[in-house]
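Let me begin by presenting the structure, written as structure tokens, before commenting on it.
In what follows, chains carry the letters A, B, and so on, assigned in the order in which the sequence lines appear, proteins first and then strands, with residues in each chain numbered from 1.
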Amino acid sequence: MKIATWNINGVKARVDSLIAWLKASNPDIACLQEIKSVDEAFPRGEIEALGYHVETHGQKGFNGVALLAKQRPDEVNRGLPGDDTDEQSRFIEGVFSVKGGAIRVCCLYLPNGNPVGTEKYAYKLQWMQRLAAFAERRLALEEPVILAGDYNVIPEPHDCWDVKVWQNDALFLPETRAAFRRLRNLGFIDAVRATSDEVPLYSFWDYQAGCWQKNFGIRIDHLMLSPEAADKLVSTSIEKHVRAWEKPSDHVPVAAEFTFEAA
DNA sequence: ATGGTCGGTAGCCGA
């Protein structure tokens with residue numbers, strides 16, 4: 001079973017690319033971020049025609065996440081628990097039956113947090129705190145759990161093209177990296193780093209200043225696995241070629257292959 | 001030193 005995450009930066013602008021990618025990459029489950037669409041405007045029919053069930057948690061103009069899956073989820077939960085006043089659509093969880101049990105796939109779009117020193121950075125850290133609390137509860141189930149998405153976190157210095165450029169950014173500040181490390185210390189495993197020691201590896205290249213052409217990228221899209229999910233991990237791939245397509249997203253898909261079989 | 005590019009929306013904001 002192949003599970004992928006991709007920040008598509010607007011589903012309306014990317015629907016042709018999304019269809020081309022689904023056909024070529026053929027993920028069993030796809031986690032999409034920044035759909036920038038309300039649920040009613042998501043191009044559901046075109047995706048369903050490819051054989052996917054579509055679950056969205058949309059929002060007008062900004063944010064918004066979606067879960068596409070070849071099998072119907074047994075359960076879907078929208079919104080990250082822990083703050084009933086949070087109106088931003090950044091989290092959706094699906095439960096899927098597999099041979100021998102079930103897996104939980106969470107699609108998350110973690111706040112960017114810039115500029116530092118504003119309520120935006122405080123919101124990012126609060127959101128990461130809520131995510132860690134959620135992750136800890138899911139870990140206690142001792143089931144395969146996959147937390148996939150745009151974390152807006154550069155985990156290590158070698159995950160960015162120039163530390164000097166990023167050292168004061170919300171994506172790389174020590175407090176941000178410590179909050180991400182908390183997930184690892186709970187027992188979650190970075191799927192890409194569990195299968196590759198290649199450096200650097202990037203999943204995002206800014207549209208500005210020719211970053212793609214100069215390979216000035218950062219690795220901020222991650223699949224974090226509970227131990228039970230990591231047990232079934234076979235390989236990962238960063239689908240870098242997608243960044244060279246016409247009208248690309250600034251992120252590329254990151255995928256992990258598992259030995260789970262749909263039930 | 002500055003601004004550079006997108007998407008979505010509305011006459012700028014978020015990234």
Would you please say whether a donor-acceptor pair under 3.5 Å links the side chains of [X] and [Y]?
| X | Y | value |
| --- | --- | --- |
| A:S97 | A:D74 | yes |
| A:S25 | A:K2 | yes |
| A:N63 | A:Q88 | yes |

Problem set entry | Test ring-ring contact (aromatic ring centres under 6.0 Å, His included) applied to A:Y109 - qualifying residues, sequence neighbours left out | none
Separation of atom [atom1] in [X] from atom [atom2] in [N], rounded to whole Å:
| X | N | atom1 | atom2 | value |
| --- | --- | --- | --- | --- |
| A:Y109 | B:dG14 | OH | P | 11 Å |
| A:Y123 | B:dA15 | OH | C1' | 15 Å |
| A:D169 | B:dA15 | CG | C1' | 11 Å |
| A:N7 | B:dA15 | CG | C1' | 9 Å |
| A:D150 | B:dA15 | CG | C1' | 10 Å |
| A:N152 | B:dG14 | CG | C1' | 11 Å |

Exercise. So, for A:F260 and A:F96, is the gap between ring centers shorter than 6.0 Å?
Worked result: no
Problem set entry | Reading 5' to 3' through nucleotides 4-11 of chain B, protein heavy-atom contacts under 4.0 Å coded B for base, S for sugar-phosphate only, - for none | BBSBSSS-
For this session: Identify whether any heavy atom of A:R243 sits under 4.0 Å from a base atom; if not, whether one sits that close to sugar-phosphate; answer base, sugar-phosphate or nothing.
Result: nothing
Exercise. Base, sugar-phosphate alone, or nothing: which one does A:F204 contact when heavy atoms must sit under 4.0 Å apart?
Worked result: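 If one applies the 4.0 Å heavy-atom cut-off, A:F204 turns out to touch nothing in the nucleic acid.
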Say you pick atom [atom1] in [N] and the same atom in [M]; how far apart are they, in whole Å?
| N | M | atom1 | answer |
| --- | --- | --- | --- |
| B:dG7 | B:dG11 | C1' | 16 Å |
| B:dT9 | B:dA15 | C1' | 15 Å |
| B:dA10 | B:dA1 | C1' | 32 Å |
| B:dT2 | B:dC12 | P | 23 Å |

Exercise. Considering residues at least two apart in sequence or located in another chain, which fulfil the side-chain contact (heavy atoms from CB on, under 4.5 Å) criterion with A:K60?
Worked result: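 Applying side-chain contact (heavy atoms from CB on, under 4.5 Å) to A:K60 gives A:V38.
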Exercise. Salt bridge check: are A:D190 and A:R219 linked by an N-O gap of less than 4.0 Å?
Worked result: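 A:R219 and A:D190: salt-bridged.
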